[in-house]
Structures are given as structure tokens and as C-alpha cells.
Amino acid sequence: MKHGLLLGGFTSHDNSEKCAHLINEWHDKSNRHPSDILGPHKFYESYRSFGNHRIATHLRKSGWDIECIDYGVFFTNDELAQILSERVSKETLFIGFSMMFFTPSKERLNWITDHIREKYPWVKIVSGGQKTWVVRCIEADYFITGNGEYAMDALLKYLCGEGPEPRVSNTFENGSQLIMAQHAYPCFPKRDASISFEDRDFIQPNETLNVEFARGCIFSCKYCNFPLLGMKQDTTRYEDSVYEELLENYERWGVTNYYVTDDTINDSKDKIALIARAVRRLPFRPQFSGYIRADLLIRHGKETWNDMIDIGLTSHHYGVESFNYESAKSVGKGMKPEEMQSGLLEIRDYFQKNSHNFYCGIFSMIAGLPHETFESLESGKEWINKNWTDNFVNYFPLMLQKKPNENSDDMEKNVYNNFMEYGYTYSEEVPFIDDRNVNKEMNEENRILKSSNIGRNWWTHPSGEYDYIDMIDWVKDFTDTRVKMGVPLTGPWQHNYVHAETYKNPEENQEYYKRNGKSLPFIPMINIIKKYKEYKLS
């Protein structure tokens, strides 16, 4: 049988094997604090991967034997070498890497790919994800961006001598090739985009899995470089497909908790109603977390709110971006600030009052958008610190990448052009920074980005009032203030920690979201990963 391996979970903030050794040494009576392994600022990928299981499910339908390896960053190099030695054979055609997020751990990844090429020279290396600059963190033979099911079909048929060369978007200097699936092999809508796990995936009942309800986004926010933007058609899955996937995961593994991977979960009232119909048929109550468009949630009203509460979709991340109307409008968020603010408060109060489990509502903001001033930033901060103190708010300085080149994809070029049209200046050199710690951090970030051929635009705002470094300082001050206020540092993306602890008594969830992030229950999540490792290495 044709064989392949799909690896995931390599996001890390460093190149070391430190977290892998720490988790090997961990025991419940350890003197080391568990946040040293999974702390909120460690940036180790403590989530089971998604893309590798999506591709594996698809390829198995064509007779492939595909095994997935998750939590990759928590395996030492020797352990990864052991896994490969026990699984790779002459039947193994490819080893794939699922790359959702950029990772600076490029040296570790290079060690892995060098090891594969030395020990198994017949094996092709494939790196897949949503963004070109992310998938190229791997020294692969082939890169695939976008939803890659049909692109993988074409590539593997070619490698097996059963089909023509795949439609390639770019060939790089070293001979590696890029397949942009969203153009060459579009895979949307995908009405049956389910994932089916195997016994060897070692799913544990207190895990948080991923689920996809629809593919792509109907919006085209100016800062977004995901591939499927401005979608005109409804891509929602069939009701039965959603129901059967959730039921299978409950009956086989006992899983009830999910991250929804949709770019925007609530893009239509009809979509939420369809998902609600599917979930109401289940013999259990699930819980969902994910990205919610706040302006749509406000306008869709209580009928949709009730559907979301009923199905457990009560853990939300809102991309608000700015409370300056012209700034928000410039990037595709056009609701007036007063309407947005009053709507957020009404949503919070309604969900807190009516949710059978808990409500978590965080939102993210961007500091440095067009038309933004220090005055408007301070006004937004004042409202947040007065009205949104029981949930996390995350400000990010506007991050622009370096000037696109011949290897950049259309999404990167579009984002760059969107902001350059407003008159942002361009510089790839780190400016002088008074704060030694910030200066060290920024120079290290620049080094890492340049090593991956990415780079940063150290811009000056069109107004001339401030630059990127000023926004870093402003965001730091905002965050420090929130910490001193005792505002929780946790949100939907930490719910896997909370659920791992409370899955038998979900009513306890709310208590964790009232605490500071340091009180997160890390130990059950550590044990999930540790047990998974032991199983895969046994």
C-alpha cells in the first residue's frame, strides 16, 4: 500500500528542544512550574494539528496509508528520528508538514529535513499551509498553499507516475516548486469536509479538536493575507456531514470540545441556523470557540444569539481593529464605534445571562491603522478599561512585511499595496530604539524574519505623528496597564487548557475565565501531550 507521513505542531518561539525535554521530565510532583512548558507567552503549539488530518482523511479514501504525527515541537530530534525509522519504508512516497503559523524554529526544521534526505533519499518532502511565507519555513521539495486536498491528489499521481506534472505557480532557485491550490486546484465549496481520526491518532476525551463548518471568507479585510477572501458563494457544509463528524468523535473518543477553523463563523444567519440544526440532533452538548465578526453578530440579533448559545458557540474572538471610525472603515470594518461598543456590551450581558456553560469574549485591535491618532487610541483604551475588564483585549502594532518580490504571492502583494496607498513610508532597517530590551527584541525578530526571507517594514505613519516603534511602546503600556488591573489573560485560544481540566464538570469553566492567565490549569494539557508522546514512541 502507498504510504505517507504527515507531521504537524512545530510552532515555537525558539530553535531549541527545550520544551521536548521539559515534557519528558515532567511529573505531577515536579518542582518546575507547568507554565514553563505551556505558559501563555511560550508560543509552543499545544494544539492538535488540523491540516495534516484533513489531508490524511482525504487521501485514505483513495487507498493511501497515511499516519499523522502531532505536537511535533514536543518531540526531541532523537525521538523524531526514532518515529521515522520505525515508519518509513520503501513504500513511503512522501513526508508532509502542516504549517499553519510562522515559526522561528527553522534550524530544527532544517535538521529534520536534512535527516530525511540523508536517511530516506527517495522520500519527497511537502510543506502545506495557507501562506507562502509560512510554508517556506520548511526546506521542502514541494509547497502547497490553500486548501490542498485536490492539489495533493495531483502531486501524488504525478509522483506515482500516474498523472501529468502538477500545475506549478513558481519554481525557486533550488528547484523546489510552489503549487497555489486556491488557483490551480480549487477545493471549495467542500460540503463534506469532515475529518475522521484513527485509533493510532490516540484521541483522548478531554482534548479540544478542530472542526470546519465552511471554507473561505465573504470579506476582504485590507490586512488579511489568507487565500480565500471575498467569497461570493455559500460554502457551508451539509448538515448531515457536520452531525456525523461530531457524533463520531463523541462515540469513538468522547470528545465534546472544538475550535472552529472558519475565517468567520457567523458570516450568515442561515449558516448558524444550519449548524444549530445539526448540533441539536446530537446526544450531548458540545462547546465551540472561534472567530466571530462582531458587527454581524450585533446586526443578526437575538435569533442568531440564541442558536449560538443553544449549541455552545459561546467562546468568541472578535476582530474589532479600531474604535476610530475612519480607521476601521479603511480596512473593511465599517460599523460606527458607538454602535459597536453598545452592541458588544449587549452581547456580553446576553450571553453571560443565558449561556448554559460560560461566555468568553475577547477582541483584538490594531494600533497604527490609517487615520489613527494618539488621541483616538487613548479614547479607545479608556472605553476598554472602563467597560471590558472581565475579558481579554489584545492590541497589536500594525505589522507590515517587506516589499514584495518575484517570489511573493498575490495576497502578500495586495496587503502591501493596500497600506502603501495610504502613504506609509518603507524601511527594512531597524531604527534606533532607546529601550535596550525592546532594541534587543526587535533586532532578534528582524534577524529571524530575514533568515526566512520575510523581513519587516519599519514604517512611519502617513500622518508623521508616530512610527512602528511608537506603536510597540503604546501596546506595551496598554498591556501592562491591563495586567495591573488584574484582567484575565485568557481567551478562546486557551480553552483547550481549561477543557482538559473541566471536561467532566464543564460548569467549572467560568471560574477559570475569571482568573488571571497564570491560574490556567496547565497540567492536564501537559499530560495529554505526554501520553500522546508515550503512545507514539511505544
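This structure is a prediction, so every number in the text was calculated from the model and none was measured.
Residues S46 and Y497 bring a donor and an acceptor atom of their side chains to less than 3.5 Å of each other. For N509 and T502, the side-chain atoms include at least one donor-acceptor pair closer than 3.5 Å. A donor atom on one side chain and an acceptor atom on the other are found under 3.5 Å apart for N443 and N439. For D390 and Q352, the side-chain atoms include at least one donor-acceptor pair closer than 3.5 Å. Side-chain polar atoms of N394 and H317 form no donor-acceptor pair below 3.5 angstrom. Side chain to side chain, Q287 and T314 meet the donor-acceptor criterion of an N or O pair below 3.5 Å.
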Intermediate values then yes/no, side chain to side chain donor-acceptor pair (under 3.5 Å), N496 and Y259: CA-CA 9 Å; N496 60 324; Y259 287 128; 3.2 Å; yes
Test log, rule side chain to side chain contact (heavy atoms under 4.5 Å, CB included), inputs T373 and Y466: CA-CA 9 Å; T373 65; Y466 56 82; 5.6 Å; no
Verdict with supporting geometry, F213 and F288, ring-ring contact (aromatic ring centres under 6.0 Å, His included): CA-CA 11 Å; F213 292 151; F288 300 101; 5.6 Å; yes
Full working for side chain to side chain contact (heavy atoms under 4.5 Å, CB included) between K381 and W474: CA-CA 10 Å; K381 179 173 74 173; W474 190 91; 4.0 Å; yes
Worked verdict on N210 versus I195 for side chain to side chain contact (heavy atoms under 4.5 Å, CB included): CA-CA 9 Å; N210 297 292; I195 289 177; 5.6 Å; no
Verdict with supporting geometry, Q341 and N387, side chain to side chain contact (heavy atoms under 4.5 Å, CB included): CA-CA 9 Å; Q341 290 168 349; N387 296 283; over 6 Å; no
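You'll find the side chain of F396 stays beyond 4.5 Å of the side chain of M365, heavy atoms only. With contacts defined as side-chain heavy-atom distances shorter than 4.5 Å, the pair P205/Y503 qualifies.
Below 30°, between 30° and 60°, or above 60°: for Y359 and H316 the angle between ring planes is above 60°, a perpendicular geometry. Ring planes of Y424 and W459: perpendicular class, angle over 60° (limits at 30 and 60°). A perpendicular orientation is assigned to the rings of W458 and Y468, their planes being inclined by more than 60° (bins at 30° and 60°).
Interatomic distance, CD of E501 versus CE of M525, reported as 13.0 Å (0.5 Å rounding). Between the CZ atom of F10 and the CD1 atom of I138 there is a distance of 7.0 Å, given to the nearest 0.5 Å. In this structure, CG in D307 is found 4.5 Å from CZ in R280, a value given to the nearest 0.5 Å.
Of all heavy-atom pairs between L344 and I298, the closest is N-CD1, 4.1 Å. Across every non-hydrogen atom of D263 and Y291, the tightest pair is O-CB, 3.5 Å. Scanning both residues, G361 and Y318, for their nearest heavy atoms gives CA-CE1, 4.1 Å. The heavy-atom pair separating H461 from S463 by the smallest distance is ND1-OG, 2.8 Å. Taking both residues in full, the closest heavy atoms of M420 and L400 are given as CE-CD1, 4.1 Å, listed atom of the first, atom of the second, then distance. Among all heavy-atom pairs drawn from T261 and F50, the shortest one is OG1-CZ, 3.5 Å.
Counting non-hydrogen atoms of neighbouring residues, nucleotides and ligands closer than 6.0 angstrom, the CD atom of E107 reaches no more than 12 such neighbours. Around the CD atom of E382, the shell of radius 6.0 Å holds no more than 12 heavy atoms that belong to other residues, nucleotides or ligands. Other residues, nucleotides and ligands place more than 12 heavy atoms under 6.0 Å from the CZ atom of F374. Summarising the local packing, NZ of K329 is surrounded by 12 or fewer heavy atoms from other residues, nucleotides or ligands at distances under 6.0 Å. Around atom NZ of K476, no more than 12 heavy atoms belonging to other residues, nucleotides or ligands sit under 6.0 Å away.
No donor-acceptor distance shorter than 3.5 angstrom exists from the side chain of Y250 to the backbone of F284, with no hydrogens or angles considered. With hydrogens and angles disregarded, a donor-acceptor distance shorter than 3.5 Å links the side chain of S49 to the backbone of G9. For the pair N266 (side chain) and I292 (backbone), a donor-acceptor distance under 3.5 Å is absent.
Note on D295 versus K333: no salt bridge recorded, every NZ/NE/NH1/NH2 to OD/OE distance being 4.0 Å or above.
For D262, the side chain to side chain donor-acceptor pair (under 3.5 Å) test picks out K271, with sequence neighbours left out.
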